[in-house]
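Along the sequence shown, residues are numbered consecutively beginning with 1. Note that the coordinates shown come from a computational prediction; the quantities given were computed from them, not determined experimentally.
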Amino acid sequence: MSRLPELYIAADVEADGPIPGPYSMISLGMAVVGRPDLTFYTELRPISDEFVPAALAVSGLDRDRLLREAPPAEEAMAAAAKWINGLRTIGRPVFLAGPAVWDGMYIHWYFLRFLGKSPFSASGAGIDLRSYWMGRNGCEWAASRKSDIKQKLKLTGLPHTHHALEDALELAAVFEAMLASREDTPPADG
């Protein structure tokens, strides 16, 4: 039996504050790189009364509506884990975010807090878009912003909207283009 390929799962979070716990993840979007038909999106009921109004405003989501209508974190994260684990029939899920520190912090914390484990790994480790670009191109951090990457790859029509699913699809498209451009580059002599 052949080994299944890696599936890069581009993930994006919208949150109402700087860290999980005192503040809440209010939406989660995921998209498989190279497979825009494979996506997941959920909004989440806030887990805390605390929030930063400016952070909440970025998402455009209504906190009162989320409190009334969004699924509780346990339910939302169970659905996310089920979706990720369902992909194991076609590949091996690998977490991807940009920046992984922000989105990964929330996603890993929520999986551990509400499910006791992460479907990505015990460490929640994955690929950080900017670090990957820096390593691939030998550039500095300042030249690894997603807008810079999109410009270098001549990607247009990929807005960053602060809707978790739309931004996950944007990230997936950027990483797919990065992988494709890597294939066009001859390997370094070594």
Side-chain donor/acceptor of [X] to backbone N/O of [Y], under 3.5 Å:
{"X": "S48", "Y": "P22", "result": "yes"}
{"X": "R45", "Y": "A70", "result": "yes"}
{"X": "D62", "Y": "D64", "result": "yes"}
{"X": "W133", "Y": "M178", "result": "no"}
{"X": "D167", "Y": "T161", "result": "yes"}
{"X": "R130", "Y": "W141", "result": "yes"}

Give a yes or no on whether [X] and [Y] share a hydrophobic cluster (residues Ile, Leu, Val, Met, Phe, Trp, Tyr; joining criterion: side-chain heavy atoms under 4.5 Å apart).
{"X": "I19", "Y": "L28", "value": "yes"}
{"X": "I127", "Y": "W102", "value": "no"}
{"X": "I90", "Y": "I84", "value": "yes"}
{"X": "L112", "Y": "V101", "value": "no"}
{"X": "V33", "Y": "L153", "value": "yes"}

Heavy atoms, side chains only, cut-off 4.5 Å: are [X] and [Y] in contact?
{"X": "S27", "Y": "L61", "answer": "yes"}
{"X": "E170", "Y": "K146", "answer": "yes"}
{"X": "L7", "Y": "V94", "answer": "no"}
{"X": "Y41", "Y": "M30", "answer": "no"}
{"X": "Y132", "Y": "L179", "answer": "yes"}
{"X": "L44", "Y": "P71", "answer": "no"}
{"X": "L38", "Y": "L87", "answer": "yes"}
{"X": "W83", "Y": "T42", "answer": "no"}

Can you measure from [atom1] ([X]) to [atom2] ([Y]) and round to the nearest 0.5 angstrom?
{"X": "L115", "Y": "K82", "atom1": "CG", "atom2": "NZ", "answer": "13.0 Å"}
{"X": "K152", "Y": "S144", "atom1": "NZ", "atom2": "OG", "answer": "12.0 Å"}
{"X": "M105", "Y": "M25", "atom1": "CE", "atom2": "CE", "answer": "11.0 Å"}
{"X": "I47", "Y": "I26", "atom1": "CD1", "atom2": "CD1", "answer": "12.0 Å"}

>> Between S181 and R136, does the side chain to side chain donor-acceptor pair (under 3.5 Å) criterion hold? Intermediate values first, please.
In response: CA-CA 11 Å; S181 70; R136 180 181 175 270; 2.7 Å; yes
Shortest non-hydrogen contact from [X] to [Y]?
{"X": "A55", "Y": "G17", "result": "CB-N, 3.8 Å"}
{"X": "A76", "Y": "F40", "result": "O-CZ, 4.1 Å"}
{"X": "L155", "Y": "A173", "result": "CD1-O, 4.4 Å"}
{"X": "D128", "Y": "A100", "result": "OD1-N, 2.7 Å"}
{"X": "A31", "Y": "L169", "result": "CB-CD2, 3.7 Å"}
{"X": "L56", "Y": "S59", "result": "O-OG, 2.9 Å"}

>> More than 12 heavy atoms of other residues, nucleotides or ligands under 6.0 Å from NZ of K150: yes or no?
In response: yes
> More than 12 non-hydrogen atoms from neighbouring residues, nucleotides or ligands closer than 6.0 Å to CD on E140, yes or no?
Replying inline: no
> If you measure from the Lys or Arg side-chain nitrogens to the Asp or Glu carboxylate oxygens, is any gap between R35 and D37 under 4.0 Å?
Replying inline: yes
> Does a salt bridge link R65 with E43, judged by any charged N lying under 4.0 Å from a carboxylate O?
Replying inline: yes
> When the ring planes of F114 and Y110 are compared, do they come out parallel, tilted or perpendicular, using 30° and 60° as the limits?
Replying inline: tilted
>> As a test of understanding, state which of I9, L129, D12, D103 forms a side chain to side chain contact (heavy atoms under 4.5 Å, CB included) with L171.
In response: L129
Please tell me whether [X] and [Y] form a close aromatic pair, meaning their ring centres lie under 6.0 Å apart.
{"X": "Y23", "Y": "F51", "result": "no"}
{"X": "H108", "Y": "F120", "result": "no"}
{"X": "F95", "Y": "Y8", "result": "no"}

